Every structure is written in C-alpha cells, then in structure tokens.
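Heads up: numbering here begins at 1 and tracks the sequence. Keep in mind it's a predicted model, so treat the numbers as computed, not measured.
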Amino acid sequence: MVLSLLIPMNNTKNDTIFTHIRDHYKTMEGYSSAGMLSGKDAAKTYLNANENPYPLPGLEELNRYPEPQPPALLEAYAQTYGVEHTQVAMTRGADEALVVLTKTFCEPHKDQILISSPAFGMYAVDAHAMPSGVVDVPLIKADGAFTLDHEEIVKQAKNPDNHIKLVFICSPNNPTGGSFSHELISEICEALEGHAVVILDEAYAEFSKAGSMAADLDSTPNLIILRTLSKAYSFAGMRMGCMLCGNEDFISLIRTKVLDAYPLPRMSIEAAFHVLSPDLKPVVEENIQKILAERTRMHEALEQSDKITHIYPSDANFLLIEMDKTKEFCAFTAENNVILRDFSSRKGTENCLRLTIGTPKENDMVLDLLEKFSA
Ligand SMILES: Cc1ncc(COP(=O)(O)O)c(C=O)c1O
C-alpha cells in the first residue's frame with residue numbers, strides 16, 4: 001500500500017491545517033504493517049507477521065495482531081460523535097491523541113503550545129517531553145466562575161515570537177468543571193485561522209448542557225476535537241479515545257504516519273463495539289443522569305457547610321471546591337480511606353480540591369467526613 005498523502009491543492013480552507021504540520025510528516029513514508037499489506041481473509045494462511053501460531057487456552061485470536069483502525073468501529077465512533085468515519089482517528093484514550101498531536105505539530109526546541117491554566121496537566125507534560133515550550137494565558141475568574149481570556153489567547157497565539165502551533169481549550173474544563181460557550185471557542189478558532197490549530201478537549205462533553213462542537217468541524221479548518229470513552233462510557237480501563245477533524249486528509253496522515261502500527265489492543269476493540277452498541281445506550285444515558293443528579297445534590301449539600309467557601313459551577317462529573325483547610329481535609333478523608341484530589345498548591349486553584357462524583361453512598365461518605373472534620 002502506498003501511504004502517500006493527497007493534499008487537495010484547490011481548497012485553501014481545507015489546506016489550513018497542513019500549513020502547521022511539521023514538514024517531514026508531509027513527505028515521509030508511514031510504516032506498512034503486514035496486516036496493512038495483506039489484509040485479513042479467513043481462507044488464507046498468514047505467515048507474514050511473525051505471530052505465534054499457538055493461541056493460549058481461552059485467549060484465542062490474541063496471538064494475532066489487531067486491525068489498526070477497524071472500519072466498523074470507526075463507523076460506530078462516527079455515529080456516536082456525529083461525524084464521518086473518515087474524520088475519526090481512534091487512539092489509546094484521549095491521552096494518546098494528545099501526545100500524537102503534539103508530536104505532529106510541534107518542532108522540538110522551537111514551537112510552543114498555549115494553555116489556559118488551571119488546565120489538564122498532560123498538555124504541558126506532552127509539550128515538555130518534545131521538548132516544546134508552554135505559554136500560559138490563565139483563565140479569568142469572574143463572578144465565581146472561570147472564563148477564557150480570549151483576547152489575550154489570540155494575541156499570544158498570533159505573536160510570531162511565540163511560535164504557537166497548538167492552542168488547548170478544554171470544555172468542560174478539567175479541573176475547574178465549567179464549559180466555555182461555543183461562540184467564544186468559534187471566535188478564537190476564526191481569529192487563529194492561518195496562525196494556530198485549536199485542540200478542543202471534550203473529554204467531559206456528555207455531562208454538559210453545551211454538548212459537542214463536532215457539527216462545526218466541517219466549517220472550522222483549524223479545529224480538532226478530542227473525545228474519550230473513559231468518562232461517560234465507564235470505559236477508562238480499556239483506554240479508548242479519538243480525535244475528530246473535518247479534514248480527512250489530515251486524519252489519514254495521523255492514521256498512517258503518526259499512530260503506532262497497531263495502536264489499539266484487540267480486547268479494547270472488541271469491548272468498544274459492545275460499549276457503543278444500541279443495547280448499552282440506555283444504560284450509559286441512565287448512568288450520566290445518575291451522575292448529574294448526584295452532582296446537583298452534592299453541590300446543594302456542600303453549599304450548606306460553613307467549612308466550604310465556594311463551589312465552582314460544573315458541567316462535568318466532578319466539582320471544584322474551595323475551602324480554608326483544603327490540605328488538612330484531604331488528609332483527613334484519606335485517613336478515612338476516601339481519596340480526593342488536592343489542587344491547593346496549583347496556581348489558580350489555591351484552596352481548592354476536586355471531588356469526582358461517585359455513587360450516592362460514596363458521596364454521602366464525603367458529606368459525613370466533612371461534618372466530622374474540625375476545621
Ligand atoms: C480533560 C481530559 N482530557 C483527556 C483525558 C484523558 O482521557 P483518556 O482516559 O481518554 O486518556 C482526561 C483524563 O482524565 C481529561 O481529564
């Protein structure tokens with residue numbers, strides 16, 4: 001199979017994303033795995049991939065490499081997220097998509113990414129690993145919530161001295177919990193067209209009233225969206241996520257030149273079919289509703305406590321909670337086998353902890369411990 005890249009030369013809007021990719025990816029050949037070269041046909045004998053011919057008992061077929069991007073699973077993702085299958089590249093969690101995108105766009109020792117702290121920590125970790133720099137345009141705190149400093153983001157991302165390739169926006173944002181409006185994100189994308197690519201991390205979108213911006217992908221050439229089955233689909237253990245992009249040539253480049261030869265474990269692929277099946281859809285929806293109801297209950301209950309100074313509005317499956325003795329409270333709950341995430345030493349989330357919404361019984365344990373805690 002020839003893995004050359006077809007770049008449509010007559011469509012400058014669609015070409016936008018290619019202007020930002022590291023040059024060598026445009027010309028290098030991708031790896032052609034044995035499976036890619038020969039296909040899979042049950043009637044044939046395959047002695048071309050150095051696989052072991054003897055599967056272990058109970059582990060049939062696991063002696064064989066998996067399909068890199070099974071077409072039927074791509075279709076299931078596409079239907080789930082409302083895009084074409086050609087606009088999806090499946091990854092080992094959204095985490096792998098982050099590494100892959102940083103690697104695709106950022107030239108080590110030269111290019112930088114832009115984040116808005118408090119932000120998901122992996123954006124900066126992946127950039128530093130290149131190594132690439134990180135420009136931080138912190139979120140603005142106003143009226144007890146966080147919002148994007150969109151003017152400063154655009155200014156910094158357009159500054160040629162900064163060499164910004166990727167602008168990360170997470171909505172709903174981890175760890176703050178709130179969403180940013182689609183209008184604001186669109187405005188940033190539009191202002192940065194020709195300057196930088198916007199990576200919109202929608203890991204928690206299923207818990208949000210704002211929903212996804214996938215419908216805007218076709219008209220927004222510098223937008224890439226990340227999704228995951230780890231959160232709303234209760235599937236963190238199988239490591240399945242994806243990136244979505246309106247430009248199918250870009251997706252083809254990612255699949256054939258940047259991702260590993262066999263990025264998805266066979267068991268994860270099989271289980272993902274089940275997770276995305278119509279049978280499980282009502283269960284997934286019911287679980288989301290249970291989490292949302294508990295999020296509201298916990299917000300209201302925690303607000304009653306004079307030990308809590310603020311709870312940030314959340315569109316995700318967690319609450320960012322501000323209190324005077326955060327460290328001490330996290331230590332106290334840990335002593336009682338309830339583990340919370342202490343964010344108090346991070347810039348922008350001073351005095352804050354992040355509480356993942358659990359089952360009603362688990363959440364009650366937190367309320368009980370809060371009552372017992374002597375501040
Ligand atoms: C904002 C955000 N993006 C991405 C991820 C990674 O998700 P995955 O489990 O799909 O790798 C997480 C995980 O917590 C997250 O909070």
Verdict with supporting geometry, Arg297 and Asp364, salt bridge (Lys or Arg N to Asp or Glu O under 4.0 Å): CA-CA 10 Å; Arg297 182 178 79 90; Asp364 281 343; 2.9 Å; yes
Within the 6.0 Å centroid threshold, strictly below: His310 and Tyr312: yes
Phe250/Phe105 aromatic ring centres below 6.0 Å: yes
Side chain to side chain contact (heavy atoms under 4.5 Å, CB included) partner of Leu166, chosen from Asp111, Ile113, Leu98, Thr104: Ile113
Steps toward salt bridge (Lys or Arg N to Asp or Glu O under 4.0 Å) verdict (Glu206, Lys231): CA-CA 9 Å; Glu206 292 90 346; Lys231 311 294 178 184; over 6 Å; no
From CA spacing to verdict: salt bridge (Lys or Arg N to Asp or Glu O under 4.0 Å), Asp126, Lys103: CA-CA 9 Å; Asp126 291 337; Lys103 184 171 137 182; over 6 Å; no
Trace of the salt bridge (Lys or Arg N to Asp or Glu O under 4.0 Å) decision for Asp201 with Arg227: CA-CA 7 Å; Asp201 186 341; Arg227 300 299 299 257; over 6 Å; no
Criterion side-chain hydrogen bond (donor to acceptor under 3.5 Å, both in side chains) against Ser117, the qualifying member of Thr176, Thr349, Asp136: Asp136
Heavy-atom pair of closest approach, residues Asp342 and Cys330: CB-SG, 3.8 Å
Residue list, ring pair (Phe, Tyr, Trp, His ring centres under 6.0 Å) with Phe120, at least two apart or on another chain: Tyr123
Close side-chain approach of Val197 and Val167, heavy atoms under 4.5 Å: no
From CZ (Phe273) to OG (Ser268), nearest 0.5 Å: 12.0 Å
Connected hydrophobic set around Met130, excluding itself, where side chains approach under 4.5 Å: none
